[in-house]
A.B. asks: 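One structure, as structure tokens, below. Some questions next.
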Protein chains: 2
Amino acid sequence: MIINNIAQLLETKNIQASYHRIKILEYLVNNRIHPTVDNIYSALVKGIPTLSKTTVYNTVKLFVSKKLVMQVTVEDNEARYDYSETPHFHFKCKKCEKLYDIFQESDLLKSNEIDGHRIEEYHIDFKGICSFCTTKGEMANG
Amino acid sequence: MIINNIAQLLETKNIQASYHRIKILEYLVNNRIHPTVDNIYSALVKGIPTLSKTTVYNTVKLFVSKKLVMQVTVEDNEARYDYSETPHFHFKCKKCEKLYDIFQESDLLKSNEIDGHRIEEYHIDFKGICSFCTTKGEMANG
DNA sequence: TTCTCTGCAAACGCTTTGCACGGAT
DNA sequence: ATCCGTGCAAAGCGTTTGCAGAGAA
């Protein structure tokens, strides 16, 4: 369902709504499981036998560049992709390896628990434009 | 300097203090620049011509397993290594690509600035033992 | 001697690149 | 006819593995 909405969503971001792109975005919207490229490919190739992994790579890269989906890196060498309107954090269980979404915001760092999960490590990374680059304006490019 | 302290630091963590390990840890302690394996290798091979990248891989992996250094993944396909007693966050400038340490803790998410840097994205990942694995105790290993 | 550290070379796995085919406009 | 999406095959690159030689205990 909501294939039309998916196509519209693509157009909102100025992405031409090809069949593959619709299916890939649809998968991301309906499966908020932080899939890898391989996850997406394996799930979709059953219904689209001609699908290639290159297309999945191309497509998620395009989606990320258009800020339609977010790339998540919790573990190394596994790029995962995440469609979500709501900013959130992740909790990865070292035992069962599941990746949980965390929406709670307050007192994140005041205890060693979050949503009942025992925190052993955390990694908080910000990206943006640093104060030096901000004051230097655009001229410092390159 | 402080070669002796480095050796002691290794012994504290039950790591035999070989020459290479001392030099690699010394480099990490003195260069809090979140170096990659390649950074470490390139810096040290000048003074230790026989050094191999495999040894650097082996060594940082050992350090991480002994919790002597932390593995940082801000960008994909670049594993960086970080010696630091103080837990902290990172801010990566999208323009100049520099990686800043952030020690401030309060109101992290209440504004779109931190230490004067303009935040455009953030990624907060936790790792530990999830509530299900905790209640299941040790029996659920596998 | 035995155990561990070291290092070369090859293998590995994810990702990217180059190029050509095919469909849409 | 042109542009863009797609896909195969090969290359690329960081990392891991296997194994052998060197050094320490």
Side-chain angles (χ1 to χ4, degrees), chain A residues 6-7 9-11 13-28 34-66 68-82 97, chain B residues 6-7 9-11 13-27 34-66 68-82 97 99:
Chain A
I6 296 291
L9 192 48
L10 285 167
E11 277 149 32
K13 299 282 183 175
N14 296 311
I15 301 169
Q16 203 161 310
S18 76
Y19 180 70
H20 292 78
R21 288 171 179 173
I22 289 172
K23 297 308 270 182
I24 291 170
L25 180 55
E26 186 186 33
Y27 179 82
L28 284 164
H34 322 87
T36 61
V37 163
D38 199 68
N39 293 152
I40 301 168
Y41 171 77
S42 303
L44 294 182
V45 77
K46 296 169 195 158
I48 316 166
T50 64
L51 183 67
S52 89
K53 216 175 263 190
T54 303
T55 297
V56 181
Y57 275 107
N58 289 338
T59 305
V60 295
K61 185 186 255 185
L62 176 69
F63 288 176
V64 169
S65 77
K66 299 285 188 173
L68 226 173
V69 310
M70 235 181 63
Q71 187 171 329
V72 184
T73 311
V74 172
E75 215 64 55
D76 321 298
N77 21 329
E78 54 171 30
R80 295 176 171 276
Y81 297 89
D82 200 14
E97 309 243 294
Chain B
I6 296 290
L9 191 49
L10 285 167
E11 277 150 30
K13 299 284 183 172
N14 295 310
I15 300 170
Q16 203 161 308
S18 77
Y19 180 69
H20 293 77
R21 288 170 180 173
I22 289 172
K23 297 309 270 182
I24 291 170
L25 180 55
E26 186 187 30
Y27 179 82
H34 323 87
T36 62
V37 162
D38 199 67
N39 293 153
I40 301 168
Y41 171 77
S42 302
L44 293 182
V45 78
K46 296 169 195 158
I48 316 167
T50 65
L51 183 67
S52 89
K53 217 173 260 190
T54 304
T55 297
V56 180
Y57 275 107
N58 289 338
T59 304
V60 294
K61 186 185 255 184
L62 176 70
F63 288 175
V64 169
S65 76
K66 299 285 188 174
L68 225 174
V69 310
M70 234 181 62
Q71 187 170 329
V72 184
T73 311
V74 172
E75 215 64 55
D76 321 297
N77 19 330
E78 52 171 34
R80 296 176 170 277
Y81 297 89
D82 200 14
E97 307 243 294
L99 191 60

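A note on names: the letters A, B, ... follow the listed sequences, proteins ahead of strands, and every chain is numbered from 1.
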A.B. asks: Over how many whole Å does the gap from A:Ile40 atom CD1 to C:dT15 atom P extend?
C.D. replies: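 It is 10 Å, rounded to the nearest whole Å.
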A.B. asks: If every non-hydrogen atom of A:Thr59 is compared with every non-hydrogen atom of A:Arg21, which pair is closest and at what distance?
C.D. replies: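 Smallest interatomic distance, heavy atoms only, reads CG2-CG, 3.9 Å.
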A.B. asks: Quickly work out the A:Lys23 NZ to D:dG5 C1' distance and round it to whole Å.
C.D. replies: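 About 17 Å, once rounded to whole Å.
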A.B. asks: Take the protein atom CG of B:Leu51 and the nucleotide atom C1' of C:dG7, then report the distance between them rounded to whole Å.
C.D. replies: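 After rounding, the reported distance stands at 9 Å.
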A.B. asks: Give the rounded distance in Å between these two atoms: CD1 of A:Ile22 and C1' of D:dT6.
C.D. replies: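 Between C1' of D:dT6 and CD1 of A:Ile22: 15 Å.
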A.B. asks: Between D:dT15 and B:Tyr57, is there an OP1 or OP2 to side-chain N/O distance shorter than 4.0 Å?
C.D. replies: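 Answer yes for this pair, as a side-chain N or O of B:Tyr57 is under 4.0 Å from OP1 or OP2.
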A.B. asks: Is there a side-chain contact between A:Thr59 and the phosphate of D:dG5, meaning an N or O under 4.0 Å from OP1 or OP2?
C.D. replies: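 No.
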A.B. asks: Who pairs with B:Ala17 by side-chain contact (heavy atoms from CB on, under 4.5 Å), at least two apart in sequence or on another chain?
C.D. replies: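 For B:Ala17, the residues satisfying side-chain contact (heavy atoms from CB on, under 4.5 Å) (neighbours in sequence not counted) are B:Ala7, B:Leu10, B:Glu11, B:Ile22.
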A.B. asks: Would one find a side-chain N or O of B:Thr50 under 4.0 angstrom from OP1 or OP2 of C:dG7?
C.D. replies: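 Indeed, a polar side-chain atom of B:Thr50 lies that close.
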A.B. asks: Could you tell me which residues satisfy side-chain hydrogen bond (donor to acceptor under 3.5 Å, both in side chains) with B:Thr36, sequence neighbours excluded, listed by chain and number?
C.D. replies: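 Residues passing side-chain hydrogen bond (donor to acceptor under 3.5 Å, both in side chains) with B:Thr36: B:Asn39.
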A.B. asks: Using whole Å, what does the distance between atom P of nucleotide C:dC14 and atom OH of A:Tyr41 come to?
C.D. replies: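 Spelled out: OH on A:Tyr41 to P on C:dC14 is 13 Å.
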A.B. asks: Between A:Leu68 and A:Lys13, which heavy-atom pair has the shortest distance, and what is it?
C.D. replies: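 Distance-wise, the nearest heavy atoms are CG-CG, 3.7 Å.
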A.B. asks: At a cut-off of 3.5 Å, list every protein nitrogen or oxygen paired with a nitrogen or oxygen from nucleotides 17-25 of chain C, distance to 0.1 Å.
C.D. replies:
none

A.B. asks: Is the phosphate of C:dC14 approached by A:Thr36 (side-chain N or O, under 4.0 Å from OP1 or OP2)?
C.D. replies: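 So the side-chain polar atoms of A:Thr36 never come under 4.0 Å of the phosphate oxygens OP1 or OP2 of C:dC14.
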A.B. asks: For B:Ser52, which residues count as a side-chain hydrogen bond (donor to acceptor under 3.5 Å, both in side chains) partner, sequence neighbours excluded?
C.D. replies: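 Residues passing side-chain hydrogen bond (donor to acceptor under 3.5 Å, both in side chains) with B:Ser52: B:Thr55.
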A.B. asks: Reckon B:Ser52 has a side-chain N or O less than 4.0 Å from the OP1 or OP2 of C:dT6?
C.D. replies: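 Checking B:Ser52 against C:dT6: no side-chain N or O falls below 4.0 Å of OP1 or OP2.
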A.B. asks: What is the distance, to the nearest angstrom, from the CD1 atom on A:Ile15 to the C1' atom on D:dG5?
C.D. replies: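 Distance check: A:Ile15 CD1 to D:dG5 C1' gives 13 Å.
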A.B. asks: Could you tell me the separation between the CZ atom of B:Arg80 and the P atom of D:dT15, rounded to a whole number of Å?
C.D. replies: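 From B:Arg80 CZ to D:dT15 P: 10 Å.
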A.B. asks: Mind checking side-chain hydrogen bond (donor to acceptor under 3.5 Å, both in side chains) for A:Asn58 and listing every partner two or more places apart, or none if nothing turns up?
C.D. replies: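 A:Asn58 satisfies side-chain hydrogen bond (donor to acceptor under 3.5 Å, both in side chains) with no residue once adjacent residues are dropped.
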A.B. asks: With sequence neighbours excluded, tell me which residues meet salt bridge (charged side-chain N to carboxylate O under 4.0 Å, His left out) with A:Lys53.
C.D. replies: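 So A:Lys53 forms a salt bridge (charged side-chain N to carboxylate O under 4.0 Å, His left out) with A:Asp38.
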A.B. asks: What is the separation between atom CG on A:Asp38 and atom P on C:dC14, rounded to the nearest whole Å?
C.D. replies: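 For the pair A:Asp38 CG and C:dC14 P, the rounded distance is 7 Å.
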